[in-house]
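Before any comments, here is the structure.
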Amino acid sequence: MEIIVHGATGRMGQKLLSLMETTPGCTLAAAVSPELKTCPEKREFYALPEYQGAADVMIDFSFHGAVGALLDYAKARKLPVVICTTGHTPEERAAIDEASREIPVFYSGNMSVGVALLVNLAKEAARTLPDAEVEIVEIHHDQKIDAPSGTALMLAEGIKSVRPEATYQFGRQGTCKRTKEEIGFHSLRLGNTVGIHEVLLSTGTETITLKHEAYDRMLFAQGALRAAEYLVGKSAGFYNMDTMLGGKE
């Protein structure tokens, strides 16, 4: 499997490149980043259009604002793409959905298999406790750009799938009481925290707490590589952790 790594010089791009070196069957087709000078001998390229060689799939660990150029390149070359960035605007999400009509697109707010399990557990808890109040707490490193995190939104969307009436409350201040329908989001930014997510459900007489903590960013690289392997050979469409882990098409 020949892979184009977009965002190769970032923290996650570097993790992915390191993982690929020790993963049988994975070959670097091109490492792409605006921080690189184009050097085909080293498989390094400044921008995507500068590489037109062989590739089976692209993995994107760049920045959400680059998704337009990424999708244009992928559609022109009919390449499957795994999008691992978060913080996309509604317009960018619409572009991702539109591209999935032409090419296979894998998109997830978090590439951890453990987080995918957490989403399913949160859905089941919300279904089992229909009157429970729900709060989501997420903690990340102090350089994270988007808040709430893509994972927190994934968790909320999972819960909303079994509670269509749910509303979102981002932070809380003032004198308004919470409503039963709202899902509260709370974002903390501390030091080098890789990622902690908690879902709290309270009925008033008991509280259920579901928690996932990431210790090493390598787990996101592992999930991205697994998604790439899954995506190769698929027909055009939108794929995510549910389709990959649940075998849904």
Side-chain angles (χ1 to χ4, degrees), residues 1 3 5-7 10-26 56-62 64 80-88 93 96 100 104-128 136-141 144 146 148-162 192-201 208-234 237-249:
M1 181 172 61
I3 303 171
V5 178
H6 188 236
R11 280 186 292 190
M12 283 311 308
Q14 289 295 296
K15 288 282 188 182
L16 179 59
L17 292 174
S18 175
L19 178 63
M20 288 170 57
E21 289 178 356
T22 60
T23 302
C26 289
D56 296 307
V57 64
M58 278 201 300
I59 299 177
D60 175 46
F61 269 118
S62 60
H64 73 84
V81 59
V82 179
I83 301 175
C84 307
T85 50
T86 61
H88 294 97
R93 284 294 300 267
I96 292 170
S100 70
V105 176
F106 189 104
Y107 177 85
S108 177
N110 190 298
M111 299 308 298
S112 162
V113 173
V115 164
L117 173 60
L118 179 67
V119 173
N120 287 330
L121 291 173
K123 287 170 59 175
E124 185 59 29
R127 182 186 293 112
T128 303
I136 298 174
V137 180
E138 55 99 349
I139 309 173
H140 284 87
H141 58 89
K144 185 170 177 61
D146 54 317
S149 67
T151 304
L153 292 170
M154 271 181 66
L155 288 162
E157 288 167 5
I159 293 168
K160 193 173 177 64
S161 71
V162 298
N192 291 318
T193 306
V194 175
I196 301 173
H197 291 86
E198 285 188 287
V199 181
L200 298 93
L201 303 97
I208 303 297
T209 301
L210 304 171
K211 180 179 179 180
H212 178 275
E213 184 167 358
Y215 299 118
D216 190 321
R217 290 181 177 84
M218 185 60 80
L219 73 91
F220 306 127
Q222 292 168 341
L225 201 56
R226 181 170 175 179
E229 293 171 341
Y230 165 78
L231 203 60
V232 171
K234 290 286 189 295
F238 184 90
Y239 302 89
N240 56 26
M241 281 292 183
D242 277 347
T243 56
M244 181 173 75
L245 300 179
K248 302 173 184 176
E249 298 295 336

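Positions are given from 1, in the same order as the sequence printed here.
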- Message: Tell me whether Thr128 contacts the main-chain N or O of Ala125 through its side chain, where contact means a donor paired with an acceptor under 3.5 Å.
- Response: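 Side chain of Thr128 to backbone of Ala125, a donor-acceptor pair under 3.5 Å: no, none is there.
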
Atom of [X], atom of [Y] and distance for their closest heavy-atom approach:
X: Phe220; Y: Asn110; answer: CE2-OD1, 3.5 Å
X: Lys123; Y: Val162; answer: O-CG2, 3.7 Å
X: Gly87; Y: Asp146; answer: N-OD2, 3.7 Å
X: Met218; Y: Ser18; answer: CE-OG, 4.3 Å

Indicate yes or no: at least one non-hydrogen side-chain atom of [X] is less than 4.5 angstrom from one of [Y].
X: Ser149; Y: Thr86; result: no
X: Val81; Y: His6; result: no
X: Leu210; Y: Leu155; result: no
X: Met12; Y: Thr85; result: no
X: Met154; Y: Ile136; result: no

- Taking the inter-plane angle between the rings of Tyr107 and Phe238 on a 0 to 90° scale, is it parallel (under 30°), tilted (30 to 60°) or perpendicular (over 60°)?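 Tilted, since the angle between the ring planes falls between 30° and 60°.
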
- Query: Of Leu225, Val82, Leu219, Thr151, which is the lone residue that meets side chain to side chain contact (heavy atoms under 4.5 Å, CB included) with Met111?
  - Reply: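 The passing option is Val82.
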
- Task: Flag the pair Arg127 and Glu124 as a salt bridge only when some basic side-chain nitrogen lies within less than 4.0 angstrom of an acidic carboxylate oxygen.
- Result: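 Looking at Arg127 and Glu124, the cut-off is met.
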
